[in-house]
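Note sheet for the following structure.
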Amino acid sequence: QVQLVESGGGSVQAGGSLVLSCAAFGYTYSVDYMGWFRQAPGKEREGVASIDVGGAGTYYADSVKGRFTISQDNAKNTLYLQMSSLKPEDTAMYYCAASSLRASRFRRLAPEAYNYWGQGTQVTVSS
């Protein structure tokens, strides 16, 4: 089992920045890739960014390319999401996810490609 704990959410004005963190505990050696997802009220959960453990590959949703950066500190078993130029439409609950499912890289932003989830952290962007 892998446990994930997110932190760093909050409220910010449009154009501002936030950094989300996700600490991983447990059998982290089994994890092949990790990602960030978000879900706004009344909408489906969507993939934001994903990274291969070891950093060989990163993947981003078109809506966040050039504004968000996913990174990891393997020594600390921590995943990060740096968010800049935030927009009101970025408002959502953000979830950290990890996977030992070995899904294709073409599916790294699909929720079904992940089997471990954090509890979420709220990000609110005001105009």
Side-chain angles (χ1 to χ4, degrees):
Q1 289 290 335
V2 175
Q3 294 80 43
L4 304 171
V5 180
E6 302 101 332
S7 60
S11 297
V12 64
Q13 289 192 326
S17 301
L18 279 175
V19 179
L20 304 183
S21 299
C22 172
F25 305 92
Y27 293 105
T28 57
Y29 63 85
S30 66
V31 172
D32 294 317
Y33 49 90
M34 298 183 72
W36 288 97
F37 289 75
R38 65 187 182 186
Q39 188 167 18
K43 294 189 176 182
E44 294 186 352
R45 189 168 298 189
E46 64 169 343
V48 174
S50 177
I51 187 168
D52 297 336
V53 171
T58 56
Y59 313 88
Y60 294 92
D62 288 342
S63 59
V64 305
K65 280 181 182 176
R67 300 189 299 122
F68 291 10
T69 301
I70 189 170
S71 62
Q72 61 189 329
D73 184 333
N74 289 331
K76 296 181 179 179
N77 285 334
T78 301
L79 181 73
Y80 302 97
L81 184 68
Q82 290 182 284
M83 305 184 293
S84 61
S85 301
L86 283 161
K87 305 174 181 179
E89 50 264 43
D90 294 319
T91 295
M93 184 71 78
Y94 282 71
Y95 297 91
C96 173
S99 180
S100 59
L101 300 177
R102 299 179 181 268
S104 163
R105 60 186 177 92
F106 298 106
R107 300 186 61 244
R108 295 295 171 84
L109 296 182
E112 56 268 26
Y114 294 78
N115 52 340
Y116 301 110
W117 293 88
Q119 80 288 353
T121 185
Q122 179 67 38
V123 171
T124 302
V125 184
S126 58
S127 57

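Along the sequence shown, residues are numbered consecutively beginning with 1.
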**Message:** Applying a strict under-4.5 Å side-chain criterion to I, L, V, M, F, W and Y, I'd like to know whether Phe37 and Tyr116 cluster together.
**Reply:** no
**Asked** Does Val125 reach the side chain of Lys87, with side-chain heavy atoms less than 4.5 Å apart?
**Response** no
**Prompt:** Taking the side chain as C-beta and beyond, is there a heavy-atom pair between Cys96 and Met34 under 4.5 Å?
**Reply:** yes
**Asked** What heavy-atom pair brings Val2 and Ser30 nearest, and what distance separates the two atoms?
**Response** CG2-OG, 4.1 Å
**Prompt:** In terms of side-chain geometry, is the basic nitrogen of Lys65 or Asp62 positioned less than 4.0 Å from the acidic oxygen of its partner?
**Reply:** yes
**Message:** Evaluate Val5 against Gln3 for side-chain contact (heavy atoms from CB on, under 4.5 Å), listing each step before the verdict.
**Reply:** CA-CA 7 Å; Val5 180; Gln3 294 80 43; 5.5 Å; no
**Item:** Nearest heavy atoms of Gln122 and Ala92, plus distance in Å
**Value:** NE2-O, 3.4 Å
**Request:** Indicate yes or no for a side-chain donor-acceptor contact from Arg108 to the backbone of Ala49 under 3.5 Å, with no hydrogens or angles considered.
**Result:** no
**Message:** As an exercise, state the distance from CE of Met93 to NZ of Lys43, rounded to the nearest 0.5 Å.
**Reply:** 15.5 Å
**Heavy-atom neighbours of Glu44 CD exceed 12 at 6.0 Å** = no
**Donor-acceptor pair, side chain of Thr28 and main chain of Phe25, under 3.5 angstrom** = no
**Item:** Nearest-0.5 Å distance, OG of residue Ser71 to CG of residue Leu79
**Value:** 7.0 Å
**Message:** Please give me the minimum heavy-atom distance between Ala23 and Thr78, naming the atom from each residue.
**Reply:** CA-OG1, 4.3 Å
**Message:** Quick check against the 3.5 Å criterion: does Asn74 have a side-chain atom that pairs as donor or acceptor with the backbone of Asn77?
**Reply:** no
**Message:** Do Ile70 and Leu4 sit in one hydrophobic cluster, given that two such residues count as connected whenever their side-chain heavy atoms are within less than 4.5 Å of each other, even indirectly?
**Reply:** yes
**Prompt:** When hydrophobic residues are tied together by side-chain contacts of less than 4.5 Å, even through go-betweens, does Leu18 share a cluster with Tyr94?
**Reply:** yes
**Message:** Going by salt bridge (Lys or Arg N to Asp or Glu O under 4.0 Å), name the pairs with one or both residues in residues 5-20, residues two or more places apart or in two chains.
**Reply:** none
**Prompt:** Where do Val48 and Val64 come nearest, in terms of heavy atoms and distance?
**Reply:** O-CG2, 3.5 Å
**Student check: side-chain heavy atoms of Leu86 and Gln13 closer than 4.5 Å** = no
**Complete:** To the nearest 0.5 Å, atom OG1 of Thr121 lies from atom CH2 of Trp36 at 7.5 Å
**Request:** Please report the closest heavy-atom contact between Val53 and Gln72, naming both atoms and the distance.
**Result:** CA-OE1, 3.7 Å
**Item:** Over all atoms of both residues, closest heavy-atom pair of Tyr60 and Leu109
**Value:** C-CD1, 3.6 Å
**Asked** In Å and rounded to the nearest 0.5 Å, what is the CZ to OG distance from Arg107 to Ser50?
**Response** 11.5 Å
**Request:** Could you check if a side-chain atom of Tyr95 sits within less than 4.5 angstrom of a side-chain atom of Gln39, using non-hydrogen atoms only?
**Result:** yes
**Message:** Measuring only between side-chain heavy atoms, which start at C-beta, is Phe68 closer than 4.5 Å to Asp90?
**Reply:** yes
**Request:** Would you please test Ser100 and Asn115 for side-chain contact (heavy atoms from CB on, under 4.5 Å) and show each step?
**Result:** CA-CA 7 Å; Ser100 59; Asn115 52 340; 2.9 Å; yes
**Asked** Would you call the rings of Tyr33 and Tyr114 parallel, tilted or perpendicular if under 30° counts as parallel and over 60° as perpendicular?
**Response** perpendicular
**Request:** Give the cluster check for Val31 versus Trp117: same hydrophobic cluster or not, with ILVMFWY residues linked at side-chain heavy-atom distances below 4.5 Å.
**Result:** no
**Prompt:** Taking it one step at a time, do Tyr59 and Ile51 satisfy side-chain contact (heavy atoms from CB on, under 4.5 Å)?
**Reply:** CA-CA 6 Å; Tyr59 313 88; Ile51 187 168; over 6 Å; no
**Asked** Does any non-hydrogen side-chain atom of Arg38 lie less than 4.5 Å from one of Ser63?
**Response** yes
